[in-house]
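Single-structure report; data block below.
Just the heavy atoms: all of them, side chains too, but no hydrogens, waters or symmetry mates, feed the values below. What you see is a predicted model, and the numbers here were worked out from it, not measured in a lab.
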2 protein chains.
Amino acid sequence: MASDEVKKVSLAVIRRLPKYHKCLGELLQKNVERVSSQELGRILGFTASQVRQDLNNFGEFGQQGYGYNVEQLYNEIAKILGLNTEHKMVIVGAGKLGQALAGYGDFERHGFKILALFDVNPNLIGSSIRGVPVHDMKDIIYFINENEVDIAVITVPRENAQEVADTLSQTLIKGIWNFAPVEVKAGPGVIVENVHLLDGLLTLSYRMNESRLTQKLKKIHEE
Amino acid sequence: MASDEVKKVSLAVIRRLPKYHKCLGELLQKNVERVSSQELGRILGFTASQVRQDLNNFGEFGQQGYGYNVEQLYNEIAKILGLNTEHKMVIVGAGKLGQALAGYGDFERHGFKILALFDVNPNLIGSSIRGVPVHDMKDIIYFINENEVDIAVITVPRENAQEVADTLSQTLIKGIWNFAPVEVKAGPGVIVENVHLLDGLLTLSYRMNESRLTQKLKKIHEE
DNA sequence: TAGATTGTTAATCGATTAACAATC
DNA sequence: TAGATTGTTAATCGATTAACAATC
């Protein structure tokens with residue numbers, strides 16, 4: 001049964017797809033018509049070889065002697081990323097972070113439409129943030145199922161994050177994007193992407209620390 | 001000159017360090033005294049072998065027949081991550097995201113002290129957000145140098161991000177944590193960590209799309 | 001001492017890079 | 001046609017896993 005063996009695409013490749021997508025979008029903006037794997041690699045800091053290997057995971061998008069058509073490749077990658085259909089999102093937690101994400105235009109621009117925020121705070125319920133209404137947390141299950149919401153963003157405090165994920169797992173939601181600093185689990189068929197903001201800061205701190213040490217070592221050596 | 005060859009630690013290892021740190025912190029909280037590489041790996045989803053390899057990049061922290069002392073290892077990793085000294089941060093951009101980060105307790109808890117927010121908006125300048133004052137962007141160079149600020153967080157709109165990074169490069173700042181959706185560059189000696197929020201969302205979208213396709217394929221096959 | 005578990009070397013696996021025939 | 005650049009196979013490189021002697 002070799003025919004339906006799904007060639008698993010590695011996470012490393014997947015995490016590069018948004019970079020290609022963004023870069024091609026910028027080229028498109030500049031009215032660039034075609035691009036070679038070499039040029040694309042140069043811009044992104046990848047080798048031409050890697051660019052070709054990456055893209056060939058998904059199909060043959062190029063043409064020998066020509067390269068890749070920017071618009072076509074942009075659209076192909078959008079399709080691979082699932083950006084050809086509009087996604088409907090809700091944000092759970094209407095605190096500062098929830099509000100920040102609700103106002104972040106980049107999401108809408110890529111077809112992620114934010115329908116509502118949800119919160120338990122009666123002072124927030126009924127208000128609206130940059131045109132996005134804040135609803136009562138009590139109504140979330142009904143709302144998600146009724147509006148065929150795809151993706152829920154969790155921006156509640158750590159203590160409540162798993163509980164929210166459990167509630168969401170009872171709905172028709174397909175993806176959870178979690179900003180609370182815990183690894184939340186969801187029901188089967190629900191894809192979870194955990195964001196670890198602190199990790200990025202600690203990595204920065206490590207690199208600052210390391211560069212300081214390296215400089216110190218250099219100095220010692222020069223003496 | 002083999003003696004000062006710095007064995008470069010791979011990025012993959014570095015990005016795991018915050019996970020070890022967090023996990024050990026939780027074990028410490030639970031008063032667990034010792035932990036084996038096997039147990040630590042089990043919790044984090046790594047192999048015991050990988051745990052030992054990772055840690056041995058930085059020293060010999062364990063003891064045969066015993067494992068690792070939780071508190072000691074926690075402190076060692078904190079030191080490696082540069083968490084033994086307090087870091088001073090400022091946030092550039094007092095919009096919703098800047099405000100959200102200013103109120104995020106996890107940073108302080110790990111020794112990252114937020115001294116101030118900076119903005120150009122006269123309505124915000126002079127106010128304070130959860131005890132953190134908002135200053136005029138004009139004063140940022142003086143403030144950073146005077147207060148020996150380590151790290152600057154950029155939460156301004158994309159258009160202004162590089163300009164802010166250029167300004168910061170004129171100061172004694174050591175690290176930049178950039179949330180604007182552009183890859184900012186900084187002067188020599190300044191470490192930059194770019195956060196790509198949208199990338200995470202696109203990766204989630206890809207995985208949702210992929211799982212949908214996989215299920216479709218399965219169905220076709222079953223028929 | 002005996003059992004456990006490390007640090008470390010060797011084997012395996014996977015991802016990146018190089019090379020080149022195919023072809024536009 | 002000649003030049004360019006792909007898709008793809010082979011070679012290399014690096015990271016993960018396995019194995020085991022050292023030792024607490």
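Atom CG in Leu55(A) sits roughly 9 Å away from atom P in dT6(D) (whole-Å rounding). One atom, CG of Leu40(A), and another, C1' of dT6(D), lie 14 Å apart when rounded to the nearest Å. To the nearest angstrom, C1' of dG3(C) lies 11 Å from CZ of Arg34(B). Look at CZ on Phe46(A): it is 9 Å from P on dT16(C), rounded to the nearest Å. Atom CZ in Arg42(B) sits roughly 17 Å away from atom C1' in dT5(C) (whole-Å rounding). In this structure, the CG atom of Asn56(B) is 15 Å from the C1' atom of dT16(D), given to the nearest Å. As a whole-Å value, the separation of Gln38(A) CD from dT17(C) P is 14 Å. Rounded to an integer number of Å, the gap from CD of Glu60(B) to P of dC24(D) is 10 Å.
OP1 or OP2 of dG7(C) sits under 4.0 Å from a side-chain N or O of Tyr68(B). Residue Arg16(A) places at least one side-chain N or O under 4.0 Å from the OP1 or OP2 atom of dT16(C).
By the 4.0 Å N-to-carboxylate-O rule, Arg42(A) lies close enough to Glu39(A) to be salt-bridged with it. Residues Glu163(B) and Lys185(B) are not paired through a salt bridge, judged by the lack of any N-O separation under 4.0 Å between the basic side chain and the carboxylate. Classification of Arg15(B) and Glu193(B) as a salt-bridged pair holds, one side-chain N sitting under 4.0 Å from a carboxylate O. Of the charged side-chain nitrogens involved, none lies within less than 4.0 Å of a carboxylate oxygen, so that Asp199(B) and Lys22(A) do not count as a salt-bridged pair.
Within 3.5 Å, a donor on the side chain of Gln53(A) pairs with an acceptor on the base of dT17(C), or the reverse.
Looking at which nucleotide of DNA chain C each of Ala12(A) and Gln63(A) is closest to, the 5′-most match is held by Ala12(A). Residue-to-nucleotide proximity on DNA chain C shows that, of Arg52(A) and Ser37(B), the 5′-proximal contact is made by Ser37(B).
Pairing for dT12(D) goes to dA15(C), judged as Watson-Crick or G-U wobble with the two contacts each under 3.5 Å. Base-pair partner of dA21(C): dT6(D) (Watson-Crick or G-U wobble, both distances under 3.5 Å).
Note on Ser49(A): a base of the nucleic acid sits closer than 4.0 angstrom, heavy atoms only.
Under the 3.5 Å distance criterion, the side-chain polar atoms of Glu86(A) are left unmatched by any main-chain donor or acceptor of Gly111(A).
Comparing dT5(D), dT6(C), dT8(D) by their nearest atom to the side chain of Gln64(B) picks out dT6(C).
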